[in-house]
Student: 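First the structure, then my questions, so here it is.
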Amino acid sequence: MLLSKRFFILALVTFLTACASSEKEKVPENLSEAELYRQSQQSLENSNYSQAVDKLRALESRYPFGPFAEQAQLDLVYAYYKNMEPEAARASAERFIRLHPQHPNVDYAYYMRGLASNTADLGLIERYVPVDMSKRDPGQARQSFNEFSELLQRFPDSPYASDARQRMIALRNRLSYYELHVANYYMKRKAYVAAINRGRYIVEHMQGTPVVEDALGMMVEGYQHLNLEQPSNEALEVLKTNFPDSKLIGENGEFTGYKVYADVDPSVWNIITFGLVDGKPADEIKPDPYTPRSRSWLNVITFGLLGDSGNEATAPKPPEQSSAQ
C-alpha cells in the first residue's frame, strides 16, 4: 500500500510538471528601475518567485549601475532559493561575494550560499518521498558545512551566525551517519579492517555526534573478528568509560555484540529507485530539522491552494540598503 501510494504521487507530480506551460511572461521594456524594483518586491510578497526572478534579472541587466542594482542581486539570491533553484541561488551568491566583498550585507550572501549548497542535492524523489539523506553522497553536505564555517570565520557576529552554527551541527551529524553507513557496509561484507578504520575516523574526528557509541562497538567487534584481543579490549574500555549505559554492554560489563545484519539483501523499493529509497516506513526515517523539505504532493498539484506548503525554502529575506528603501 505504501509502495503504491509513493509511486502514484511521483507519477502524478511528473505528469503535471510535464503538462505545465513553460512560457514566461515577458517583462515590459519601458519600466523604470524604481518600478521594476517595486514590482519585484510585490512578486516576492505574493510568493510568486518565478516572476520575481524574471523582474530582478531584468532590473540587473537594464540598470547595472542604478541605486537598486546591488539590492536586486541580493534579492535574486533569495528569489532563486525560494523558487527551488539552489544551484542558481548559490551561483548568484558567489557572484555577489566576488563583486561586492566589502558590502555591508555580504554576510547574507555567504549564509545563503551555504544554505543553497545544503539543498542542492534534493531531487524530485527526495522532495516528495521520505529519504535518509545520510546515505547519499556527502559532497554537498561537506560543501555546505565548509561554507557556513567560512561565514563564521569572517563574520562571527553576523545575525546569521547562530543559525549557521546549528546547521553545521546538523550537517556534521549527517556526515557522521554517512561514515557509519559506509562502515556498516564493510562489516556486512566482512571487510573488518576497512570497517575498523571508518569507526576509528568517527571516534577521532567526530566526537559529540550520535554515532560515536556505535563506532566504538564496531571497532570492538571488528577486532574480535580479526582475533586481535588487545585493541579489542582497549576499544571496549573506551566504550565503557564514555558510554557506561551503552546497549552494547551487558550487566557484567561484557560486550554483547554490535549488530546483526539482517538487511544485506536490498528491498524491492530500494532496487527500483536505484538505492534512493530503502523501503523504510516514513516514521522510521528521522527528519533533519535543518534539511529543508518541500511541499506536500497535495500542495503541489493544487498549485499551493491546498495541503502543506512545508519548509522547503525556509530562509530569511535579504536586508535592505538604505538607498533601496
Side-chain angles (χ1 to χ4, degrees), residues 27 31-45 47 49-121 139-172 290-292 313-325:
V27 180
L31 293 178
S32 67
E33 181 182 8
E35 179 61 20
L36 261 178
Y37 182 77
R38 187 194 67 80
Q39 290 189 12
S40 69
Q41 297 306 299
Q42 186 176 13
S43 297
L44 289 175
E45 290 295 328
S47 300
Y49 302 116
S50 178
Q51 189 178 85
V53 166
D54 293 339
K55 291 179 179 178
L56 289 167
R57 291 182 61 184
L59 189 155
E60 186 184 2
S61 62
R62 296 176 191 177
Y63 306 98
F65 305 108
F68 295 95
E70 292 180 4
Q71 184 64 39
Q73 292 173 15
L74 276 181
D75 291 343
L76 188 59
V77 175
Y78 175 76
Y80 272 133
Y81 183 79
K82 296 289 284 185
N83 202 40
M84 291 188 286
E85 298 181 67
E87 295 87 355
R90 187 183 184 282
S92 296
E94 284 273 17
R95 180 170 176 266
F96 187 90
I97 293 169
R98 186 175 66 255
L99 295 177
H100 313 289
Q102 303 302 321
H103 193 279
N105 296 325
V106 71
D107 58 333
Y108 178 80
Y110 277 96
Y111 172 77
M112 290 299 296
R113 182 181 64 173
L115 203 59
S117 294
N118 192 27
T119 61
D121 56 352
Q140 289 294 338
R142 288 198 180 105
Q143 179 171 297
S144 179
F145 183 92
N146 292 334
E147 288 168 350
F148 282 132
S149 178
E150 184 177 0
L151 167 66
L152 295 180
Q153 291 173 1
R154 292 177 179 269
F155 307 97
D157 299 323
S158 169
Y160 313 107
S162 177
D163 186 74
R165 289 189 185 94
Q166 294 302 314
R167 292 181 185 276
M168 287 177 68
I169 292 172
L171 286 166
R172 189 165 178 262
Y290 288 95
T291 298
T314 301
K317 290 184 178 180
E320 294 186 7
Q321 307 179 91
S322 58
S323 60
Q325 290 180 345

Student: Side chains of Asn118 and Glu147 only: does a donor on one sit below 3.5 Å from an acceptor on the other?
Tutor: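 Distance-only check fails for Asn118 and Glu147.
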
Student: If you compare all heavy atoms of Gln140 against all heavy atoms of Ser117, which two are closest, and at what distance to 0.1 Å?
Tutor: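 Of all heavy-atom pairs spanning Gln140 and Ser117, the closest is OE1-O, 3.1 Å.
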
Student: Could you tell me the separation between the OH atom of Tyr78 and the CG atom of Leu56, rounded to the nearest 0.5 Å?
Tutor: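 If I round to the nearest 0.5 Å, the distance is 11.5 Å.
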
Student: Taking all heavy atoms of Leu36 and all of Lys55, pick out the closest pair and write down the distance.
Tutor: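 Closest heavy-atom pair between Leu36 and Lys55: CD2-O, 4.0 Å.
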
Student: Any chance you could measure Glu150, atom CD, to Ile97, atom CD1, to the nearest 0.5 Å?
Tutor: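 It comes to 7.0 Å.
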
Student: Looking only at heavy atoms, which two atoms of Asn83 and Ser50 are closest? And how far apart?
Tutor: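 Where Asn83 meets Ser50 most closely, the heavy atoms are OD1-N, 3.6 Å.
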
Student: Checking side chain to side chain contact (heavy atoms under 4.5 Å, CB included) for the pair Leu44/Gln41: CA distance, chi angles, key distance, verdict?
Tutor: CA-CA 5 Å; Leu44 289 175; Gln41 297 306 299; 3.9 Å; yes

Student: Once you round to the nearest 0.5 Å, how far does CD of Glu85 lie from OH of Tyr49?
Tutor: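 Going from the CD atom of Glu85 to the OH atom of Tyr49 covers 13.0 Å.
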
Student: Would the distance check show the side chain of Ser144 and the main-chain N or O of Gly114 forming a donor-acceptor pair, the cut-off being under 3.5 Å?
Tutor: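 Present.
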
Student: Checking the side chain of Glu60 only, and the main-chain atoms of Gln73 only, is there a donor and an acceptor separated by less than 3.5 Å?
Tutor: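 No.
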
Student: Over 60° means perpendicular and under 30° means parallel, so tell me whether Phe96 and His100 are parallel, tilted or perpendicular.
Tutor: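 Taking His100 first and then Phe96, their aromatic rings sit tilted (interplane angle of 30° to 60°).
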
Student: Spell out, as yes or no, whether a donor-acceptor pair under 3.5 Å connects the side chain of Asn146 to the backbone of Arg142.
Tutor: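 Answer holds: yes.
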
Student: Hey, what do you get for CD (Gln51) to CD (Gln42), rounding to the nearest 0.5 Å?
Tutor: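 These two atoms lie 8.5 Å from each other.
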
Student: When you look at Asp107 and Arg154, which way does the side chain to side chain contact (heavy atoms under 4.5 Å, CB included) test go after all the steps?
Tutor: CA-CA 8 Å; Asp107 58 333; Arg154 292 177 179 269; over 6 Å; no

Student: Say you draw a straight line from CG of Leu59 to CG of Asp54; how long is it, rounded to the nearest 0.5 Å?
Tutor: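 It comes to 12.5 Å.
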
Student: Kindly say whether Ala88 contributes a backbone atom to a donor-acceptor pair with the side chain of Ser92 at under 3.5 angstrom?
Tutor: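 Looks like yes, one N/O pair under 3.5 Å.
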
Student: Report the C-alpha separation of Phe148 and Leu152 in whole Å, then their side-chain angles, then the decisive distance to 0.1 Å, and conclude whether the side chain to side chain contact (heavy atoms under 4.5 Å, CB included) test is met.
Tutor: CA-CA 6 Å; Phe148 282 132; Leu152 295 180; 5.7 Å; no

Student: With sequence neighbours excluded, what pairs up with Phe145 under the ring pair (Phe, Tyr, Trp, His ring centres under 6.0 Å) test?
Tutor: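 So Phe145 forms no ring pair (Phe, Tyr, Trp, His ring centres under 6.0 Å) with any residue.
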
Student: Measure the shortest side-chain to side-chain distance between Met112 and Tyr80 over non-hydrogen atoms and say whether it is less than 4.5 angstrom.
Tutor: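 Not in contact.
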
Student: Quick one: pull up CD in Gln143 and CG in Leu171 and give me the separation to the nearest 0.5 Å.
Tutor: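 Between atom CD of Gln143 and atom CG of Leu171 there are 11.5 Å.
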
Student: Passes side chain to side chain contact (heavy atoms under 4.5 Å, CB included), Leu99 versus Glu70? Steps please.
Tutor: CA-CA 10 Å; Leu99 295 177; Glu70 292 180 4; over 6 Å; no

Student: Taking all heavy atoms of Ala69 and all of Glu33, pick out the closest pair and write down the distance.
Tutor: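 For Ala69 versus Glu33, the nearest heavy atoms are N-OE2, 3.9 Å.
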
Student: Considering residues at least two apart in sequence or located in another chain, which fulfil the salt bridge (charged side-chain N to carboxylate O under 4.0 Å, His left out) criterion with Arg38?
Tutor: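 Salt bridge (charged side-chain N to carboxylate O under 4.0 Å, His left out) list for Arg38, sorted by chain: Glu35.
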
Student: With salt bridge (Lys or Arg N to Asp or Glu O under 4.0 Å) as the test, would you mind laying out the steps for Arg90 and Glu94 before giving the verdict?
Tutor: CA-CA 6 Å; Arg90 187 183 184 282; Glu94 284 273 17; 3.3 Å; yes

Student: Can you see which heavy atom on Ser61 is nearest to which on Pro64, and at what distance?
Tutor: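 Ser61 and Pro64 have their closest heavy atoms at O-CD, 3.7 Å.
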
Student: Which heavy-atom pair separates Ala52 from Ser40 by the least distance, and what is that distance?
Tutor: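 That closest heavy-atom pairing would be CB-O, 4.0 Å.
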
Student: Sequence neighbours excluded, which residues qualify as ring pair (Phe, Tyr, Trp, His ring centres under 6.0 Å) partners of Tyr160?
Tutor: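 Here the qualifying residues are Tyr108, Tyr111.
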
